[in-house]
*Asks:* 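Take this structure, written in structure tokens, and hold onto it; I'll ask about it next.
In listed order, ligands and their atoms are each counted from 1.
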Amino acid sequence: MDTPYTFDLNNPDFIPDRYDNHIRRTLTAMRGQYLDTAAFEAMLAADDQLLYEVYEFHRPHEPGELLHGISIVHPGKVGDEYFMTKGHFHTVLDTSEVYYCLKGEGYMVMETPEGDWAAAELRPGKALYVLPRWAHRSVNTGAGDLVTLFVYPGNAGHDYGTIEQQGFRKLVVERDGRPEIVDNPRWGSKQ
Ligand SMILES: [Fe+2]
């Protein structure tokens, strides 16, 4: 596309009325990421459930561009752990990202290679700035879809491998019917 464009994010689903790419991640894509591996295998054997979807616009992967789209994490849990995205560092570590929550409830769980971590609540109307160097993962703690708009630099790239190897330092699990952020006992080990 060589002219500026708009797109509509219509209630209640917020699926853009036009997009170039639709990514669907099922349980299979999350192997090794959930703490309760027995619950994961049992769920996978029953149904390779759809966990989250991303609608993207194709723009050149260049520093002057802003890549953007919509992320939808569906509700559910593997064991006690809520449905979530794979999570990633940016390949160019010193690049940031903005998220704007359109629907649902959850957390953005974040951490740096230096050992800092943070969890930001996501609610409709909340905007979040993910600083450079911070890995990020969306977690849906609600009963419906968690929908966010994201914007990040065109040259950022995605490093999924580091998280696949070491996981996130913190997990978001249900305790007594409520979300709680707990240490990941397997962090740093081969997942
Ligand atoms: Fe990102």
*Asks:* Starting from L171, walk the hydrophobic network (Ile, Leu, Val, Met, Phe, Trp, Tyr; side-chain heavy atoms closer than 4.5 Å) and list everyone else you reach, by chain and number.
*Replies:*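 L171 clusters with L35, V173, V182.
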
*Asks:* Using the side chain to side chain contact (heavy atoms under 4.5 Å, CB included) definition, which of the options E164, M84, R25 pairs with M30?
*Replies:*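 Running side chain to side chain contact (heavy atoms under 4.5 Å, CB included) over E164, M84, R25 with M30 returns exactly one hit, M84.
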
*Asks:* For the Fe ion (ligand 1), check which protein N, O or S atoms are under 2.8 Å away and list them.
*Replies:*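 Hits for the Fe ion (ligand 1) below 2.8 Å: H88 NE2, H90 NE2, E97 OE1, H136 NE2.
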
*Asks:* For K126, I'd like to know if atom NZ has over 12 heavy atoms of other residues, nucleotides or ligands within 6.0 Å.
*Replies:*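 No, the 6.0 Å shell around NZ holds no more than 12 heavy atoms from other groups.
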
*Asks:* Run through Y152, F150, F89 and flag the one making a ring-ring contact (aromatic ring centres under 6.0 Å, His included) with H158.
*Replies:*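 The residue from Y152, F150, F89 that satisfies ring-ring contact (aromatic ring centres under 6.0 Å, His included) with H158 turns out to be Y152.
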
*Asks:* Just distance, no hydrogens or angles: give the donor-acceptor pairs under 3.5 Å from side chains in residues 63-70, sequence neighbours left out.
*Replies:*
| residue | atom | partner | partner atom | Å |
| --- | --- | --- | --- | --- |
| E65 | OE1 | R59 | NE | 2.9 |
| E65 | OE1 | R59 | NH2 | 3.4 |
| E65 | OE2 | R59 | NH2 | 2.9 |
| H68 | ND1 | L66 | O | 2.9 |
| H68 | NE2 | Y5 | OH | 2.7 |

*Asks:* Please identify each residue that fulfils side chain to side chain contact (heavy atoms under 4.5 Å, CB included) with D13, with sequence neighbours left out.
*Replies:*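 Result, side chain to side chain contact (heavy atoms under 4.5 Å, CB included) vs D13: I15, K103.
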
